Amino acid sequence: MEPIAIQKDDQIIDLQTAQAKNIDIESAKKIYPENTPEALEVIRHSTAHLMAQAIKELYPDAKFFVGPVVDEGFYYDFRVGEKIGEEDLKKIEKKMAEIAKRKLPIERYEISKAEAIEKFKDDDLKQEVLKSIPSDTVSIYKQGDFEDLCRGPHVPNTKYLKNFKLTRVAGAYLGGDETREMLTRIYGVAFADKQALKEYLTMLEEAKKRDHRKLGNELELFMFSEEVGAGLPIWLPKGARLRSKLEQLLFAAHRKRGYEPVRGPEILKSELWKKSGHYQNYKENMYFTEICDDESRKESCVEYGIKPMNCVGHIMIYKSKKRSYRELPLKLFEYGVVHRHEKSGVLHGLFRVREFTQDDAHIFCKPDQIKDIVIEVLGFVDEIMRSFDFSYEMEISTKPDKAIGSDEIWEIATNALKEALDENGHKYGIDEGGGAFYGPKIDIKITDAIGRKWQCGTIQVDFNLPERFELEFTDSDNEAKRPVMIHRAILGSFERFIGILTEHYAGEFPFFIAPTQVIFVPIGQDHVAYTKELAGKLTEMGVDSEIYDSKDSLNKRIRNAEKQKVPMVAIIGDKEVEARSLAIRDRREKIQYNLNEEEFFTKIKEKLSEVRF
RNA sequence: GCCAACGUAGCUCAGCCGGCUAGAGCACCUGAUUCGUAAUCAGGAGGUCACGGGUUCGAGUCCCGUCGUUGGCUCCA
């Protein structure tokens, strides 16, 4: 096998560059066309160029912007006169395969930036790319009569580019800037061999099967309605059962940790949103309504904002009486229903909606308590994530452009978060400028079944709102002092979290939250009475069960029960009624066994106690 | 919001290049069957083809607008 590139000091250098710069290939670490991260980077980058070449041959007027490698594949942004749809991908793929077969050598040469500006003077997109390059010389890669401005690295010949697939067409703003023109973007994947490509495509198919929108429909968990409006989920009985179990477990977990349940109103006067800063900073995402005492008098009208966050209500609760340092930290929590006017294009099943319920809490504390509180919350998060077998990572977000509060205040808050993470030995990333407008935050990102990352939990330090609302407590020295506020959510929202849970478990929820935990299938009518007796006992234990006693055949009913992906199906016939026992099909353990009544209820209790947050 | 695609029965989907009364499977209803571990048989009912407008002798099919959905971009729990 011939190498396609070499690696030196963690840098991938292609053979063309190595030759030009007289780097000794023999003594270097070689990269072969295999499915290693380094080789895939080279292959994918070159496949992006191959795609650009194919597009250029099919659409001669096409102009190209950038074509980088991303997770799993690559994309290229370009502009053409005509519309490109999914249909056209096949055509482009075919052309790519044809070009690859020409076995074109991929050559590299360097020119000065000034020469490049002259060379591409008729190409405004290339000028755009050149603007962002700081160095004086640029490299050009050439294959056949196609050439492109590129840093590399690339494979030496198009013959290495055989195992690719174009996956989707999309629009993308030039440079990611919403105010600029929208280019066409085509995404593709590429691998070193056929097998890896096939495995990847199979994985995508598998992922589709566990899509929470599909499963939500099949398992009757939730629905959306065009008549109701986009992004407004409707919870069906089974989804509501699941959600309610989650709510109850989490409620107890909060009480155990000293949180006080509270409840704020859904709409608050706009004046208050002006005081909090939401009116100035978050208005485009808020819904408003006007309430008039007397329709004929405009001055009797008051504008109200539907809450997009719960903090203001909790602040009012804090302010309801004079607070002592002895009360701090004061932890208020609420399953807060919030409304946010998200742009129509971003809505996505339960993952992104316009009305959702946060497991929200605000902790009012003294500045010197921040670190301990954050450490405690991190522990809470970890227990919940482990209960659901989730992996997650954390990221600190710092001051954004649009923010209230001084740099100094931001620095104090940001450092407190970092210290808490450091002290607990947590690894974390940093998202510069990614904070909320009122303070820095730690985001907890769950990795879902398909490897996508979702922001769920969040811990945000806030020095600003206490300032704006003039919050105080009387300290031990009898001085009035300002508390710090910590916003935090662990699931983030029930909607998103349940969407992620559904995909994570592919609809096979663990017993303690499954919408239906047991389905009874009586073989004949004579066995129904006994199943009703058992189901009644389960209801008393807080366990949801259903009895499949329709006129359908036994096989049909067992099939339907299994399709519901419930943890346990219990078949009841003459033998079971007589012995007061159950024949269990355990979907989670994938076995069948018989239990007597006592053993059954013991098993149920065991399964229920598998989780405690 | 922007780019692209899509919207036919409760669900999954056929319906050609515009041409007779818009089809299937599942689900639902009725009848027969009463069954030991993943689909019993027969019959029936269900659609203003998302909504509104236009082109045409004629529109599910072509065009425009609106709503919604999907994949991205920007944004975000």
Side-chain angles (χ1 to χ4, degrees), chain A residues 70 75 77 79 83-89 167-187 208 211 213-214 217-218 220 223-232 282 284-285 308-309 336 338 340-360 397 434 436 441 443-446 454-458 460 487-497 499-500 521-527 549-564 569-576 583-585 587 592:
Chain A
V70 290
Y75 68 78
D77 283 353
R79 175 172 57 214
K83 285 182 179 179
I84 296 201
E86 305 276 343
E87 301 270 302
D88 302 306
L89 294 186
T167 48
R168 50 195 173 237
V169 216
Y173 295 109
L174 202 164
D177 184 344
E178 204 181 353
T179 61
R180 303 203 58 181
E181 134 184 49
M182 186 160 260
L183 302 173
T184 302
R185 173 176 295 180
I186 295 182
Y187 282 93
K208 250 189 215 165
D211 188 309
R213 293 166 298 187
K214 180 174 144 66
N217 186 25
E218 284 172 10
E220 297 178 11
M223 62 175 270
F224 289 92
S225 154
E226 195 175 327
E227 289 170 284
V228 171
L232 302 170
Y282 205 72
E284 61 275 23
N285 280 303
M309 296 170 188
V338 297
R340 297 184 186 175
H341 182 242
E342 301 292 350
K343 289 177 184 174
S344 56
V346 307
L347 302 174
H348 180 104
L350 286 181
F351 285 166
R352 196 76 186 278
V353 292
R354 286 181 172 155
E355 185 205 86
F356 57 99
T357 307
Q358 297 179 307
D359 59 324
D360 205 3
S397 299
K441 59 179 179 177
D443 282 330
I444 293 118
K445 294 185 181 187
I446 294 179
W454 287 97
Q455 186 184 330
C456 289
T458 180
Q460 314 184 346
H487 312 244
R488 54 108 280 201
I490 292 176
L491 308 184
S493 77
F494 285 97
E495 285 73 10
R496 179 175 290 180
F497 194 77
I500 295 167
V521 181
I523 290 174
Q525 285 305 310
D526 295 345
H527 316 119
D549 59 350
S550 72
K551 289 172 50 175
D552 291 325
S553 69
L554 176 66
N555 282 341
K556 177 78 162 278
R557 285 179 288 143
I558 289 171
R559 178 181 153 83
N560 286 342
E562 289 292 343
K563 271 168 66 185
Q564 285 296 309
V569 175
I571 316 293
I572 306 294
D574 283 339
K575 277 186 266 174
E576 285 74 24
I584 305 286
R585 292 171 67 104
R587 190 181 173 89
Q592 296 184 25

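Sequence lines set the chain letters: A, B, ... in the order given, protein chains first and strands last, and positions in each chain run from 1. All figures in this text were calculated on a predicted structure; none of them were measured in a lab.
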Whole-Å C1' distance, B:U33 and B:U40: 7 Å
Gap between atoms CZ and P, on A:Phe356 and B:C76 respectively (whole Å): 12 Å
Of the listed nucleotides B:G7, B:G1, B:A77, the one nearest the side chain of A:Val353: B:A77
B:A77 phosphate, OP1 or OP2, under 4.0 Å from A:Lys441 side-chain N/O: yes
Nucleotide opposite B:G7 in a Watson-Crick or G-U pair, distances under 3.5 Å: B:C67
Sugar-phosphate only, base, or nothing, as touched by A:Asp574 at under 4.0 Å among non-hydrogen atoms: base
Sugar-phosphate only, base, or nothing, as touched by A:Arg185 at under 4.0 Å among non-hydrogen atoms: sugar-phosphate
Sugar-phosphate, base or nothing in reach of A:Ser344, heavy atoms under 4.0 Å: base
Donor/acceptor link under 3.5 angstrom from A:Arg585 side chain onto base of B:A38: yes
Nucleotide nearest A:Ala230 (side chain, heavy atoms from C-beta), chosen from B:U69, B:C3, B:C75: B:U69
Gap between atoms CD1 and P, on A:Ile571 and B:U34 respectively (whole Å): 20 Å
Ring-face cation contact, A:Phe351 with A:Arg496, 6.0 Å cut, 45° max: no
Identity of whatever pairs with B:G18 - Watson-Crick or G-U, under 3.5 angstrom: none
Phosphate OP1/OP2 of B:A77: any A:Ser493 side-chain N/O under 4.0 Å: no
A:Phe351 CZ - B:C76 C1' separation (whole Å): 14 Å
Residue A:Lys563, side-chain atoms from C-beta onward, closest of B:A38, B:A32, B:C76: B:A38
Sugar-phosphate only, base, or nothing, as touched by A:Gly176 at under 4.0 Å among non-hydrogen atoms: sugar-phosphate
A:Phe224 side chain near A:Leu350 side chain, heavy-atom distance below 4.5 Å: yes
B:A59 and B:A24, which share atom name P, separated by this distance in whole Å: 24 Å
Carboxylate-amine/guanidinium contact A:Glu284 A:Lys343, below 4.0 Å: no
Among B:A77, B:G1, B:G36, the nucleotide that comes nearest once only the side chain of A:Gln358 is considered: B:A77
Side-chain-base donor-acceptor pair under 3.5 Å for A:Glu576 and B:G36: yes
Rounded distance (Å) that lies between atom P of B:U37 and atom NZ of A:Lys556: 17 Å
Separation of B:A27 P from A:Asn560 CG (nearest whole Å): 7 Å
Touch class at under 4.0 angstrom, heavy-atom based, for A:Arg587 against every strand present: base
Selection from B:A38, B:C35, B:A77 that lies nearest to any side-chain heavy atom of A:Ile523: B:C35
A:Asp552 with A:Arg557: basic N within carboxylate O range, under 4.0 Å: no
P atoms of B:G23 and B:G44, separation to the nearest Å: 14 Å
P spacing across the pair B:A9 / B:G65, given as an integer number of angstrom: 24 Å
N/O (side chain, A:His348) to phosphate O (OP1/OP2, B:G71) under 4.0 Å: yes
Verdict with reasoning, A:Arg79 to A:Glu181, per salt bridge (charged side-chain N to carboxylate O under 4.0 Å, His left out): CA-CA 10 Å; A:Arg79 175 172 57 214; A:Glu181 134 184 49; 2.8 Å; yes
Whichever of A:Ile444 and A:Ala170 has its nearest RNA chain B nucleotide further upstream toward 5': A:Ala170
Side-chain heavy-atom pair A:Glu342, A:Leu347 within 4.5 angstrom cut-off: yes
Integer angstrom distance from the P of B:A5 to that of B:U66: 16 Å
Under 3.5 Å donor-acceptor pair, A:Arg168 side-chain atoms to B:C3 base atoms: no
Cationic tip of A:Arg168 above A:Tyr187 ring, under 6.0 Å, 45° of axis: yes
Assigned partner base of B:G60, Watson-Crick or wobble definition, under 3.5 Å: none
Pairwise P distance, B:C16 and B:G52 [rounded to whole Å]: 23 Å
Residue whose nearest RNA chain B nucleotide is more 5′ - A:Arg340 or A:Leu183: A:Leu183
Touch class at under 4.0 angstrom, heavy-atom based, for A:Glu562 against every strand present: base
Distance between P atoms of B:U8 and B:G47 (Å, rounded): 15 Å
Side-chain heavy atoms of A:Ser493 within contact of A:Thr357, under 4.5 Å: no
Candidate pair A:His527 and A:Asp574, rule side chain to side chain donor-acceptor pair (under 3.5 Å), full reasoning: CA-CA 7 Å; A:His527 316 119; A:Asp574 283 339; 2.7 Å; yes
Base paired to B:A24 (Watson-Crick or G-U; both N/O distances under 3.5 angstrom): B:U12
Watson-Crick or G-U wobble mate for B:G1, both contacts under 3.5 Å: B:C73
Rounded distance in Å between the P positions of B:G46 and B:C29: 15 Å
A:Lys343, nearest nucleotide to its side chain (from B:G1, B:C35, B:A77): B:G1
Side chain of A:Arg352 - closest among B:U12, B:U37, B:A77: B:A77
A:Thr184 side chain near B:C3 phosphate (N/O to OP1/OP2, under 4.0 Å): no
Sugar-phosphate, base or nothing in reach of A:Ala583, heavy atoms under 4.0 Å: base
Whole-Å distance separating the NZ atom of A:Lys208 from the P atom of B:U12: 14 Å
Whole angstrom value for the distance that separates P of B:C3 from OH of A:Tyr173: 8 Å
B:U30: pairing nucleotide in any strand, Watson-Crick or G-U under 3.5 angstrom: B:A42
Interatomic distance where CZ belongs to A:Arg557 and P belongs to B:U33 [whole Å]: 16 Å
Touch class at under 4.0 angstrom, heavy-atom based, for A:Asp526 against every strand present: nothing
Salt bridge (charged side-chain N to carboxylate O under 4.0 Å, His left out) between A:Lys445 and A:Asp443, intermediate numbers included: CA-CA 6 Å; A:Lys445 294 185 181 187; A:Asp443 282 330; 5.1 Å; no
Chi class for B:G46: syn within 90° of 0, otherwise anti: syn
Minimum-distance nucleotide to A:Tyr187 side chain [options: B:C73, B:U70, B:U33]: B:C73
